[in-house]
Amino acid sequence: MEFGWSDTELAFRARLRRFIDERLPAEWALLIPGEHVATDFTMSFSAALADAGLFASHWPHEYGGNDASPWQFIVSGEELWAAGEPRGSQYMNVNWIGPAIFTSGTDEQKDLHLKRIAGGDVTWCQGFSETGAGTDLAALSTTAERDGDSYVINGQKVWTSYAQDAEYCFVLARTDPQSSGTAGISIFLVPTSTPGFRREVIPSVLEIHEYNRLTFADVRVPESCRLGAENEGWAVIRSALAHERIGGPRYARAALVTERIAAQAEAEGWWGQDGFGMRLAAARSACAAARILVYQAIDARVKGRPEDLVVSLARVAIVRCERAVAELAADLGGEESLVAGSVGHGQLKTAMIAGLGGGSVEVQLNQIARIRLGSGR
Ligand SMILES: Cc1cc2nc3c(=O)[nH]c(=O)nc-3n(C[C@H](O)[C@H](O)[C@H](O)COP(=O)(O)OP(=O)(O)OC[C@H]3O[C@@H](n4cnc5c(N)ncnc54)[C@H](O)[C@@H]3O)c2cc1C
């Protein structure tokens with residue numbers, strides 16, 4: 001058994017690291033991933049990554065990738081997340097929006113979207129959550145009513161990241177009015193310029209991230225905007241969410257923050273504090289555990305094994321490591337952790353996001369219990 005990286009992945013990581021060193025402004029390392037001050041830069045950076053063949057390398061060649069293994073997907077996630085995620089919203093495009101389109105889309109949809117996504121040239125947003133359907137996504141009530149060869153969409157979405165800049169929205173809506181739960185839901189690829197589509201920024205305590213409320217008031221889209229079969233969107237969503245859950249390797253940045261704390265500990269004399277060494281070791285272990293579980297999930301993907309359980313375990317471990325590092329940073333930094341720019345401040349904010357964005361962590365625990373106790377998925 002070989003636990004090390006292959007030469008191909010080592011070379012890919014080295015090339016990506018060089019690219020980041022050369023192209024990323026130094027101050028970027030101190031930003032918190034998701035910080036919106038940098039939107040324009042993220043677009044040009046993603047396009048440059050694409051030009052260098054480093055953006056969608058794990059995609060099939062015919063859609064603009066290099067046919068690389070899923071290991072390159074996680075290598076690029078680790079390197080870019082550790083560097084502050086300079087792809088911005090574009091990480092979603094390569095992680096799951098593009099793959100959902102090349103797996104389930106029509107030729108017309110592939111032609112329209114994939115070249116632009118693989119080129120890092122378009123912003124999307126994800127219209128899933130509603131006020132009554134967050135954790136319980138299948139309770140969504142946005143409707144898409146068929147009218148000849150069109151659909152008319154009505155409803156509201158909340159917490160939609162990046163919508164303020166998005167050209168397209170990946171929208172879930174109920175197409176069978178008699179249905180409930182996961183049945184009767186379809187996916188629509190909606191241009192945000194369509195009449196009746198409205199977006200408003202929701203102010204947030206996080207400050208680093210802009211959320212939006214989307215309103216669909218008689219938004220009429222042609223049938224060609226529906227992704228996959230009518231009423232059968234849930235299977236596509238399940239696979240997309242599996243990519244989303246481990247798509248942000250937060251442990252890579254949390255591990256860097258842990259080492260920053262260790263360095264600060266030298267300067268501030270924290271090593272003498274009761275229990276500091278143990279807590280630092282626990283934070284380091286939490287980051288390592290998350291990394292290994294993510295690798296297990298990728299291994300399952302590469303080998304075509306079921307990955308539901310390990311993806312959920314990995315997501316819980318990712319959230320736990322973000323929180324362990326945040327608590328350590330906040331306890332040691334004290335009030336300074338409330339000041340923007342401090343180690344604790346950035347880590348506290350990303351830890352707040354970690355347990356909710358991409359689905360709440362408690363539901364992952366439910367999912368793990370269901371799979372392990374054998375009562376279905
Ligand atoms: C940074 C960030 C970005 C986001 N971006 C987007 C986006 O782009 N598009 C989008 O559609 N959504 C987005 N969201 C929304 C996110 O998907 C939801 O916040 C998440 O699904 C939880 O839904 P909710 O906020 O309605 O919380 P609720 O579902 O109301 O849950 C509140 C709390 O109750 C707990 N809970 C609920 N049900 C159960 C249960 N059955 N068992 C145990 N505990 C339970 C939850 O775990 C949670 O702690 C984003 C959220 C964040 C934080």
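One-based numbering, in listed order, for ligands and for the atoms of each. Side-chain atoms are counted along with the backbone in the values below, which use heavy atoms only and exclude waters and symmetry mates. No experiment lies behind these values; they were computed from the predicted model shown.
- Checking side-chain atoms of N66 against main-chain N and O of G53 turns up a donor-acceptor pair under 3.5 Å.
- Side-chain atoms of R250 come within 3.5 Å of backbone atoms of T350 as a donor-acceptor pair (strictly under, hydrogens ignored).
- Using a 30° and 60° split on the angle between ring planes, W28 and F41 fall in the tilted class, from 30° to 60°.
- Side chain of R260 to main chain of A255: no donor-acceptor pair is present (N/O by atom type, distance under 3.5 Å, no hydrogens or angles).
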Check: residues 353-365 side-chain donor-acceptor pairs under 3.5 Å, at least two apart:
{"unit_1": "S360", "atom_1": "OG", "unit_2": "T135", "atom_2": "OG1", "d": "3.3"}
{"unit_1": "Q364", "atom_1": "OE1", "unit_2": "S312", "atom_2": "OG", "d": "3.0"}

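- Exactly one of E322, E78, R320 qualifies for a side chain to side chain donor-acceptor pair (under 3.5 Å) with Y251. That residue is E78.
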Could you pull out the N/O contacts under 3.5 angstrom between ligand 1 and the surrounding protein atoms?
{"unit_1": "ligand 1", "atom_1": "5 (N)", "unit_2": "W159", "atom_2": "O", "d": "3.1"}
{"unit_1": "ligand 1", "atom_1": "5 (N)", "unit_2": "S161", "atom_2": "OG", "d": "2.7"}
{"unit_1": "ligand 1", "atom_1": "8 (O)", "unit_2": "S161", "atom_2": "N", "d": "3.0"}
{"unit_1": "ligand 1", "atom_1": "8 (O)", "unit_2": "S161", "atom_2": "OG", "d": "3.2"}
{"unit_1": "ligand 1", "atom_1": "9 (N)", "unit_2": "Q126", "atom_2": "O", "d": "2.7"}
{"unit_1": "ligand 1", "atom_1": "11 (O)", "unit_2": "Q126", "atom_2": "O", "d": "3.2"}
{"unit_1": "ligand 1", "atom_1": "11 (O)", "unit_2": "F128", "atom_2": "N", "d": "3.0"}
{"unit_1": "ligand 1", "atom_1": "11 (O)", "unit_2": "S129", "atom_2": "N", "d": "2.7"}
{"unit_1": "ligand 1", "atom_1": "11 (O)", "unit_2": "S129", "atom_2": "OG", "d": "3.2"}
{"unit_1": "ligand 1", "atom_1": "12 (N)", "unit_2": "S129", "atom_2": "OG", "d": "2.7"}
{"unit_1": "ligand 1", "atom_1": "17 (O)", "unit_2": "S129", "atom_2": "OG", "d": "3.3"}
{"unit_1": "ligand 1", "atom_1": "23 (O)", "unit_2": "T135", "atom_2": "N", "d": "3.2"}
{"unit_1": "ligand 1", "atom_1": "29 (O)", "unit_2": "T135", "atom_2": "N", "d": "2.9"}
{"unit_1": "ligand 1", "atom_1": "29 (O)", "unit_2": "T135", "atom_2": "OG1", "d": "2.6"}
{"unit_1": "ligand 1", "atom_1": "31 (O)", "unit_2": "T135", "atom_2": "OG1", "d": "3.4"}
{"unit_1": "ligand 1", "atom_1": "42 (N)", "unit_2": "N366", "atom_2": "ND2", "d": "2.9"}
{"unit_1": "ligand 1", "atom_1": "47 (O)", "unit_2": "S360", "atom_2": "OG", "d": "2.8"}
{"unit_1": "ligand 1", "atom_1": "47 (O)", "unit_2": "E362", "atom_2": "OE1", "d": "2.6"}
{"unit_1": "ligand 1", "atom_1": "49 (O)", "unit_2": "E362", "atom_2": "OE1", "d": "3.3"}

